[in-house]
Amino acid sequence: MQDPVFSLLDVERSYELRQPGWFRRDTRKLKALDGVRLELQRGDTLALVGESGSGKSTLVRLMLGLEAASDGRVLYGQHDLSRLDAEGKRRFAREVAFIYQNARGSMNPRMRIADILAEPIRLHGLCAEGDIPARVAALLDRVGLPVGMLQRFPGELSGGQVRRVAIARALAAEPGVIMADESVAGLDVSVQAQVLNLLRELCRESGITLVFITHDLGVASYLCEKIAVLYLGRIVEQGPTGAILNAPRHPYTRALLRAFPRFDTPIEASLKGEIPSPVDLPKGCRFAGRCAQVKPECREIDPVLAALDADRQVACLFPVMTP
Ligand SMILES: Nc1ncnc2c1ncn2[C@@H]1O[C@H](COP(=O)(O)OP(=O)(O)O)[C@@H](O)[C@H]1O
Ligand SMILES: [Mg+2]
């Protein structure tokens, strides 16, 4: 087997929260990620799902090298992301692209679409200056937009068109990996479907590795072959999309599916029961307080993500046996 594209080895990311008042010296730590284990193979399409605040965006920021892990390691291929040299960073920036949640806000409103798309090509020196216009036109065509749009400004485009431009810009450097944070949230359902279709086609055609954050299980199952479920900063279950949706093994995943049985229901709202504060995680399993099948051991032992069978992993002392 090839090396994974990304490996996350017990990754932790904590933020120091400063207490109000200059005399308070103690700072408290919020664990946004805690013991995250993840391997991404080339060509994987992975959905990160979980309630709001579970750590999805933080995880992607770490994988993009925008933030460093407080503990543990994030490997890209065999290289530690925090130790890339200048050449390694350049390669990484070219090979791993990001589609911003706020596509419009990520574009300079005073730049024409042609220039927005030319920028990464020029930055990475991907072709001769004279060949850039043809390359930009091809990119626009690839995301199904007419060439006439090249001379427009972002403000003149619809929401769906702007997302397509954002995808085209992500594709400009011919990346092997694309990460996207809620890239279709807030779009009209029909426009959302078009953008999803486009992403799905691109991944299948080009073998792109995709990490897609969504709180919509329908979007996750349509677009991605694998799902990782986050709860309070930890991946609690991971595996093939169909298997997870049909037979969740973690009580949290099962609760999510019961509470949001329609696949097009966003899971941004919370389940019943109180989520512990990420500043004050309980001893033992972080889901114990809300778990329907909690046992005394669960209040003592913190379960890490471990293999259940060849392609399923779960962080639970007593995985659900029957769906
Ligand atoms: N820069 C930061 N400083 C302090 N806390 C943060 C910061 N970024 C994220 N958090 C906290 O980390 C947790 C995870 O956040 P996030 O990754 O944005 O979750 P999600 O994307 O799943 O909604 C939340 O409790 C959030 O408040
Ligand atoms: Mg987020």
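Values below: all heavy atoms of this structure, side chains included; hydrogens, waters and symmetry mates excluded. We count ligands from 1, going down the list as the structure has it; atoms in each ligand are counted the same way.
The shortest N or O to N or O distance between Gly53 and ligand 1 is under 3.5 Å.
The protein non-hydrogen atom at the shortest distance from atom 19 (O) of ligand 1 is Gly55 N, 3.2 Å. The nearest heavy-atom contact from the protein to atom 25 (O) of ligand 1 is Pro278 CG, 3.8 Å. With respect to atom 1 (N) of ligand 1, the closest heavy atom belonging to the protein is Tyr15 CE2, 3.6 Å. At the shortest separation from atom 18 (O) of ligand 1 among protein heavy atoms lies Ser57 CB, 3.8 Å.
Taking the six-membered ring where the residue is Trp, Phe92 and Phe6 present perpendicular rings, their angle passing 60° and hence far from 30°.
For Arg61, every heavy-atom contact with ligand 1 shorter than 4.0 Å involves the side chain, none the backbone. With a heavy-atom cut-off of 4.0 Å, Leu30 touches ligand 1 through its side chain alone.
The shell of residues lying under 4.0 angstrom from ligand 1, judged by heavy atoms, includes Ser52.
By the definition of a contact as any protein heavy atom under 4.0 Å away, atom 11 (C) of ligand 1 is in contact. Distance remark: protein heavy atom present below 4.0 angstrom from atom 22 (O) of ligand 1.
For the pair Phe212 and Leu199, the minimum side-chain heavy-atom distance is below 4.5 Å. Contact of the Cys316 side chain with the Val236 side chain is not registered, since no non-hydrogen atoms from C-beta on lie closer than 4.5 Å.
Side chains of Gln194 and Arg164: a donor on one and an acceptor on the other come within 3.5 Å. A donor atom on one side chain and an acceptor atom on the other are not found under 3.5 Å apart for Glu237 and Tyr231. With no hydrogens or angles considered, a side-chain donor-acceptor pair links Arg142 and Ser206 at under 3.5 Å.
Closest heavy-atom approach to atom 17 (O) of ligand 1 within the set Leu62, Ile275, Thr58: this belongs to Thr58.
Ion pairing between a basic and an acidic side chain is recognised when a charged N comes within 4.0 Å of a carboxylate O; Arg234 and Asp302 show such pairing. Using a 4.0 Å cut-off between a side-chain N of Lys or Arg and a carboxylate O of Asp or Glu, Glu201 and Arg204 do not qualify as a salt bridge.
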